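Treat the numbers as computed from the prediction; the structure is a model and nothing was measured. In the text below, chain A, chain B and the rest are named by the order of the sequence lines, each starting its count at 1. Values below: every heavy atom of this structure, side chains too, minus hydrogens, waters and symmetry copies.
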Protein chains: 2
Amino acid sequence: MLSERQMMILRAVVRDFTNTGVPVGSKTLAKQLPIHVSSATIRNELAALEEQGLIEKTHSSSGRIPSGEGYRYYVDHLVKPDPLRPNDIDVIQSSLGGDFHKIDEIISQSATILSNLTSYTAFTLKPELKDSRLSGFRLIPLGKRQVMAILVTDSGDVENQTFDVNEKVTGEQLEAVVRLINDQLVGLTLPEVLKKLQQDIPLKIANYLQSPEGFLDIFGDVLTRAAQERFYVGGRLNLLNFSQDSDVDSLKSLYAMLDKTDDIADVLGQPSDKISVRIGNEMTNDALRNFSLITATYDVDQHGQGMIAILGPTRMPYSRMLGIVGAFREELAKKLLDYYRFYDE
Amino acid sequence: MLSERQMMILRAVVRDFTNTGVPVGSKTLAKQLPIHVSSATIRNELAALEEQGLIEKTHSSSGRIPSGEGYRYYVDHLVKPDPLRPNDIDVIQSSLGGDFHKIDEIISQSATILSNLTSYTAFTLKPELKDSRLSGFRLIPLGKRQVMAILVTDSGDVENQTFDVNEKVTGEQLEAVVRLINDQLVGLTLPEVLKKLQQDIPLKIANYLQSPEGFLDIFGDVLTRAAQERFYVGGRLNLLNFSQDSDVDSLKSLYAMLDKTDDIADVLGQPSDKISVRIGNEMTNDALRNFSLITATYDVDQHGQGMIAILGPTRMPYSRMLGIVGAFREELAKKLLDYYRFYDE
DNA sequence: CTTAGCACTTGATTAGTTTGAGTGCTAAAA
DNA sequence: TTTTAGCACTCAAACTAATCAAGTGCTAAG
């Protein structure tokens, strides 16, 4: 259990360190703190905090920096989200104010805004009814040998892919396949579709197509994309700013992660109602040891729930970041509601 | 004019420096060279080469490194492409051996292969009949409020985009628009289409749609994508390996460039029949000062001409890289011919 | 419980040395 | 005229003290 004063000191340590990046010593604290105590007293308290594992030294005679647990305690008990700066409000309003014709444009734009506001890397996920279902499938012949496959889900996602077919495939065959898929698969959730696609469908489809493999590849491709490709990332390059003494390898693995949607999903984790902060070692991914992740969900009424997130150095100004994320989730939800309202009625 | 011996020495300087990265001195050269002369003689020759601006010192008593002009002379007169390593041949064969259903898959895969072989960043452009023309346009209603726009060019490129429309737009209106576009624009080159789109079309389209602006935005969007989005990039992350003492800013501007297709097109420049090498300062782009770019075209008979390129440090082993690029362009052309042969007949 | 005082630790910075690879130049040899 | 041995000189890099500043823990007194 921490005393009032210890909390005050821990808060000051975190704030000072996240601002300056320099380990903070007893004298600095004595000057900053509102109460009037000597540096020796602070030293005693610091020793106590270190005892509890909340702060640590970089070397035996250095100032203190927060430990992972220290950050945890800070965000759980001590931090208060900053109100937005007027300037930030302007940025949000003007960037999100325009006219959009696609949900995805709003979401991807959001990732950019969020990364600009924070100067970190931002993620956005579009709102989603959970367990969205396949609601339609089409094959559209485009030229002598190109066909486009389009897949629509009941949550309004559209995925498509063009591929080349051997001349021998006729329009009727394509139509038969489309009918088959619409009959058998529409209404199922995407994972169910994927499963079925590997089991009974190939046999049936073989009646219409001589070599169904290629076709099934395509369909599976489109399908997995629809199931996964829901992330937008903004400010990728901002990761470079925190490249610890240019550790190229870990940077590479970070960037590799950003390109694998599975991994991102893993990292972002399950949505929870609150704004959640995960700190360095609390994440399974090793490359994220020196990073913190702030995630928040947003609700668009019956249109489901989405997610926004920012990834920055563990040493980030949490109060400001929490303020931004908190405010932005509201703005985004509002914007999306407007959007749906316009196109729905 | 260079003597035989000076050429031999310049070649050795470039080879040694590109291999080791260390400025090379007279003693080292004396040991490596096939002729038997003393280091003092070499020193005299080095002074002569420096006189001509082909090599330079990093400081007054250092060994020599090639200057921009030195590299230029080397690739123009002295280098001979290395034959491929057996291992490299395997990599190409196996990576390009599979079955593909889209040109774009082959091209994008090629960028990956090329970056793996070289451990640099690779670019690939798909073959293209110059001045490809719009050959078809469709609007496909997908749900109550979603429409997909598809655009096909006579070179087989397909671009599409989904957008949301206000309920008020009816199927007939859409069809009217499609008819209009197919009547007026099909057969024109893409730049012509873009131009016309800004002039007379808006008036006519206003007959069918109440607010044509949004729609025209979309169309223009798809169109510019079709005109531009022909590049694939492989091994982006390899740029990190050469981050000179972690100069974050120039790295950032490099990566920003990779995301702007216009810039890439600028940098790659016009196709020429030969394999071309551009060295650091020869490129207009300032961020590329320490890089070299090797570009090569490949021909797929009547299907047009494409391009491959690799971007690496000025200090790259040119003989090996030229070997790889030279061999790969052939393999790629062969593969594409096979592909077209299969789908064409 | 707080605080002044003090001895001690440590990373950073600076200046001075040494080392080694390399150069240019001169004068003799080929 | 070209080549070469020899030598003085240069410079970055690596190493060594020496000093500094910020900070700590501990003790003993308030």
Checklist entry - So do A/Leu322 and A/Val277 actually touch side chain to side chain, heavy atoms under 4.5 Å? => result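 Of all side-chain heavy-atom pairs linking A/Leu322 with A/Val277, at least one is under 4.5 Å.
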
Rounded to the nearest Å, what distance is computed from the [atom1] atom of residue [X] to the [atom2] atom of nucleotide [N]?
| X | N | atom1 | atom2 | result |
| --- | --- | --- | --- | --- |
| B/Ile55 | C/dT23 | CD1 | P | 9 Å |
| B/His59 | C/dG20 | NE2 | P | 16 Å |
| A/Ile65 | C/dT10 | CD1 | P | 17 Å |
| A/Ile9 | C/dT2 | CD1 | P | 10 Å |
| B/Glu45 | D/dT4 | CD | C1' | 13 Å |
| B/Phe17 | C/dG22 | CZ | P | 13 Å |
| A/Arg5 | C/dT3 | CZ | C1' | 12 Å |
| A/Leu33 | C/dT3 | CG | P | 12 Å |

Checklist entry - Quick one: are the ring centres of B/Phe291 and B/Tyr120 less than 6.0 Å apart? => result no

Checklist outcome for this item: Heavy-atom nearest pair, A/Ala12 first then A/Leu29, reads CB-CD2, 3.7 Å

Checklist entry - Counting only heavy atoms not in A/Arg329, do more than 12 fall under 6.0 Å of its CZ? => result yes

Item to check | Whichever of B/Ser39 and B/Thr58 has its nearest DNA chain D nucleotide further upstream toward 5' | outcome: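 Final value for this comparison: B/Ser39.
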
Look for any protein N or O under 3.5 Å of an N or O in nucleotides 21-25 of chain D and output each such pair with its distance, or none.
| unit_1 | atom_1 | unit_2 | atom_2 | d |
| --- | --- | --- | --- | --- |
| D/dG23 | O3' | A/Ser62 | O | 3.4 |
| D/dT24 | OP1 | A/Arg64 | NH1 | 3.0 |
| D/dT24 | OP2 | A/Ser26 | N | 3.3 |
| D/dT24 | OP2 | A/Ser26 | OG | 2.7 |
| D/dT24 | O3' | A/Lys57 | NZ | 3.4 |
| D/dG25 | OP1 | A/Lys57 | NZ | 3.3 |
| D/dG25 | OP1 | A/Arg64 | NH2 | 3.1 |
| D/dG25 | N7 | A/Arg43 | NE | 3.2 |
| D/dG25 | O6 | A/Arg43 | NH2 | 3.3 |

Next on the checklist: What I want to check is whether the side chains of A/Thr41 and A/Ser38 have a donor and an acceptor closer together than 3.5 Å.
Outcome noted: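 Looking only at side-chain atoms, A/Ser38 and A/Thr41 do form a donor-acceptor pair, the distance falling under 3.5 Å.
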
Item to check | Test side chain to side chain contact (heavy atoms under 4.5 Å, CB included) applied to B/Ser26 and B/Leu46, step by step | outcome: CA-CA 8 Å; B/Ser26 55; B/Leu46 286 176; 4.2 Å; yes

